[in-house]
Protein chains: 2
Amino acid sequence: MALRHAVLAALLDGEYSGYQLAKTFDVSLSNFWYAVPQQLYAELAKLEREGLIVGRQVIQRDRPNKRLFTVTDAGLAELAAFAATPSKPSSIREDLLVMVQAVDRLDPAPVIVQLEERAVTAAAKVEIFDRMLQRMRGELDEETFLREGDRIGPYLTCLRGRRFEQENREWCERVAALLRARASLPG
Amino acid sequence: MALRHAVLAALLDGEYSGYQLAKTFDVSLSNFWYAVPQQLYAELAKLEREGLIVGRQVIQRDRPNKRLFTVTDAGLAELAAFAATPSKPSSIREDLLVMVQAVDRLDPAPVIVQLEERAVTAAAKVEIFDRMLQRMRGELDEETFLREGDRIGPYLTCLRGRRFEQENREWCERVAALLRARASLPG
DNA sequence: CAGACCATGTAAAACGTTACATGATTCG
DNA sequence: CGAATCATGTAACGTTTTACATGGTCTG
């Protein structure tokens, strides 16, 4: 049971359609979960069958109709039970790290290229997170918002995501520069 | 195709049995990949069938016999092809982050407990990484080792893992303290 | 002598990814 | 008028997790 809870948590902030959730899982939640639309539609159908969410049809003239979902009391209870269950640290699975692990025995050139590309996308994600954080805290400074705000969960996970991407960026840049320097001095 | 390459990368540093690999995938490689023994035995069998690794039987008197595996030239070629394939960032899937995302709508107590536990295990992992890093660089200081060492891949991934766990620890501690403070002020 | 560690697997179930399928509207 | 966006799914395939299974040695 895994994606279930991520979906329930995402639906706490209001009604969403499968399509909208797919967007959310692509950006805001992407620091700790990712899912393709197909997976979300399947999970939403399952959650609705089990009564953890309810959907209502919204007829649209200009666009295809959609279904918006809300968490039920049963869904909230499920989330509470989940939060009370010990979680084990789930690992990162990063192809790029596997490549760097093996880089001494391979041609480093393609790895360097990928590191530099990743540094750029990580930097872009940091900026996205910064804008999301700003929007969430509004006028308040961070400290005040975290002390007094009434919806700080998404802010806190966003902070974690920001740090992660920042670290990612710094690491990628450092490793790329290092491998470049080594490649230019025949070993 | 995923675990394959992590296994091949792990086997670059010498011969390992399935059992030993399972240990490795539990600690050193755990910053970017984790696999249970069953998965490793299955993957090793598959890699051997495909000629990417070769195994040799080692008879032991005091213990059950074991098979040690080495990467073949074909295996190295497979790794090189992998390193030249664009990788997409694969996401973190953290139950604990899902819990924090939802924490405003739940009883925060069990989440706080888990955050504090996780902070402790993250701190322990930082120390493990520190010892691994020290062992790898030996007498040299980090800068010199990274400039001149001939097996820096594992060192670099270990650095990333260390940073990740350090960030994890700081975040968990901060969030736990914050939620505790908020819980004591009825809100 | 019980529990931990060494050592290797099979089988089933759950989960995730990719490909396929459809069809309307808006933007450039 | 082609591409992008909105909107929802099914089917096949591949990967991961969990449960089951076995049996020897070493440590307290």
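Predicted model only: the values in this text are computed from it and were never measured. Chain letters run A, B, ... following the sequence lines, proteins first, then strands; residues in each count from 1.
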Distance test, side-chain N/O of [X] to OP1/OP2 of [N], below 4.0 Å:
{"X": "B/Y19", "N": "C/dC6", "answer": "yes"}
{"X": "A/Y41", "N": "D/dT8", "answer": "yes"}
{"X": "B/K23", "N": "C/dC5", "answer": "no"}

Backbone N or O of [Y] within a donor-acceptor pair of the [X] side chain at under 3.5 Å?
{"X": "B/Q57", "Y": "B/N65", "value": "no"}
{"X": "B/W171", "Y": "A/L156", "value": "yes"}
{"X": "B/T157", "Y": "A/Q101", "value": "no"}
{"X": "B/R182", "Y": "A/G149", "value": "yes"}
{"X": "B/E165", "Y": "B/E127", "value": "no"}

Terminal axes of the helix from C/dC1-D/dG28 to C/dG28-D/dC1 (five pairs each): angle between them, nearest 10 degrees
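If I round to tens, the end axes sit 50° apart.
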How close or far is atom [atom2] of [N] from atom [atom1] of [X], stated in whole angstroms?
{"X": "B/F69", "N": "C/dT8", "atom1": "CZ", "atom2": "C1'", "value": "10 Å"}
{"X": "A/L40", "N": "C/dT18", "atom1": "CG", "atom2": "P", "value": "15 Å"}
{"X": "B/R4", "N": "D/dT15", "atom1": "CZ", "atom2": "P", "value": "8 Å"}
{"X": "A/Q39", "N": "C/dC20", "atom1": "CD", "atom2": "P", "value": "19 Å"}
{"X": "B/W33", "N": "D/dT16", "atom1": "CH2", "atom2": "C1'", "value": "11 Å"}
{"X": "A/K46", "N": "C/dG16", "atom1": "NZ", "atom2": "C1'", "value": "12 Å"}
{"X": "A/H5", "N": "C/dC15", "atom1": "NE2", "atom2": "P", "value": "10 Å"}
{"X": "A/N65", "N": "D/dT8", "atom1": "CG", "atom2": "C1'", "value": "11 Å"}

Contact string for nucleotides 22-28 of chain D, one letter per nucleotide 5' to 3', B = base within protein heavy-atom range under 4.0 Å, S = sugar-phosphate only, - = neither, reads -B-SS--
Applying salt bridge (Lys or Arg N to Asp or Glu O under 4.0 Å) between A/E116 and each of A/R180, A/R174, A/R169, report the one that passes.
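The option that passes is A/R180.
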Partner of A/R118 under salt bridge (Lys or Arg N to Asp or Glu O under 4.0 Å), chosen from A/E173, A/E94, A/E170
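One option only clears the test, and that one is A/E94.
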Using the salt bridge (charged side-chain N to carboxylate O under 4.0 Å, His left out) rule, collect all pairs that involve residues 35-45 of chain A, keeping only residues at least two apart or in two chains.
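For residues 35-45 of chain A, and leaving out neighbouring residues, the salt bridge (charged side-chain N to carboxylate O under 4.0 Å, His left out) pairs sorted by first residue read A/R4-A/E43.
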Looking at B/Q38 and C/dG9, is any side-chain donor or acceptor paired with a base atom of the opposite kind under 3.5 Å?
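Checked by distance alone, the answer is yes.
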Which class fits the ring pair B/F164 and A/F164: parallel under 30°, tilted 30 to 60°, perpendicular over 60°?
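B/F164 vs A/F164 ring planes: perpendicular.
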Considering heavy-atom distances to DNA chain C, does A/V36 or B/Q60 have its closest nucleotide positioned more toward the 5' end?
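Nearest-nucleotide comparison on DNA chain C picks B/Q60.
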5'-most by nearest nucleotide on DNA chain C - B/K88 or B/Q20
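Mapping each residue to its closest nucleotide by heavy atoms, the 5'-most match is B/Q20.
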Of the listed nucleotides (C/dT8, C/dC15, D/dA7), which one gets closest to any side-chain atom of A/K66?
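Given the options C/dT8, C/dC15, D/dA7, the side chain of A/K66 is closest to D/dA7.
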For residues A/L133 and A/Y155, report the shortest heavy-atom separation together with the two atoms involved.
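Heavy-atom minimum between the residues: O-CE1, 3.2 Å.
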